[in-house]
Amino acid sequence: MIETGNSLPTFEGTNQDGKTIKSSDFKGKKLVVFFYPKASTPGCTAEACNLNENYERLTEQGFQVLGISADSVERQKKFHTKNNLQYDLIADEKREIITQFGVWQLKKFMGKEFMGIVRTTFLFDEKGICTEVITKVKTKDHSSQIIP
């Protein structure tokens, strides 16, 4: 998994509108990259909506916001539209970016083990250096973990 002090990986993905988003698009900007297991599920919706409700505060602090999951472009589009999200969501169906960040891991749920996305948020400074990794995400109040 990416750690504090690591550089933002070079990546390219497709957003909810079919547009290509590259890590280089964020050069010189602070960035919040949050990984979530599945669009339109209760926890992921709470997290995405909390970030959206506090989007203005995040941008005032200089942050760009980017959500990533293994959902399809179509599913990301529905999630984005339904919740009126103000930031891009990347559809990483092949899990290339997810793997680069190291969030595809063994998970346990109801006594079963399986591979999946571990809900994690990475903060990067203007130089593309990771300044914080949030692994214990509070889905209903995630923005306060980024901007106290």
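Nothing here was measured: the structure is a model prediction, and the numbers come from that model.
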Using modelled atom types and a 3.5 Å cut-off, is there a donor and acceptor pairing between side-chain atoms of [X] and backbone atoms of [Y]?
X	Y	value
Arg57	Ile147	yes
Asn52	Asn84	yes
Asp88	Leu66	no
Arg119	Val137	no
Asn15	Asp17	yes
Gln76	Ile90	yes
Gln145	Lys138	yes
Asp71	Ala91	no

Handout entry: Partners passing salt bridge (Lys or Arg N to Asp or Glu O under 4.0 Å) against Asp25 (at least two apart in sequence or in another chain)
Key =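 Per chain and number, Asp25 pairs via salt bridge (Lys or Arg N to Asp or Glu O under 4.0 Å) with no residue.
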
Practice task
Output the distance between atom CZ (Phe122) and atom CG (Asn6), rounded to the nearest 0.5 Å.
Solution key: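 So the CZ of Phe122 and the CG of Asn6 are separated by 9.0 Å.
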
Exercise for the section: Quick one: pull up CZ in Phe101 and SG in Cys130 and give me the separation to the nearest 0.5 Å. Expected result: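 Answer rounded to 0.5 Å: 8.5 Å.
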
Exercise for the section: Would you check if there is a donor-acceptor pair between the side chains of Ser143 and Glu53 at a distance under 3.5 Å? Expected result: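 There is no such pair (donor and acceptor under 3.5 Å, judged by atom type) between the side chains of Glu53 and Ser143.
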
Exercise for the section: Could you go through the salt bridge (Lys or Arg N to Asp or Glu O under 4.0 Å) check for Lys29 and Glu126 one step at a time? Expected result: CA-CA 4 Å; Lys29 300 173 183 170; Glu126 297 89 344; over 6 Å; no

Practice task
Check step by step if side chain to side chain contact (heavy atoms under 4.5 Å, CB included) holds for Leu31 and Phe63.
Solution key: CA-CA 5 Å; Leu31 178 64; Phe63 284 107; 5.8 Å; no

Practice task
Compute both the distance and the angle, then confirm whether Lys107 meets the cation-pi test with Phe114: under 6.0 Å from the six-membered ring centre, within 45 degrees of the axis.
Solution key: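 No, Lys107 and Phe114 do not form such a contact.
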
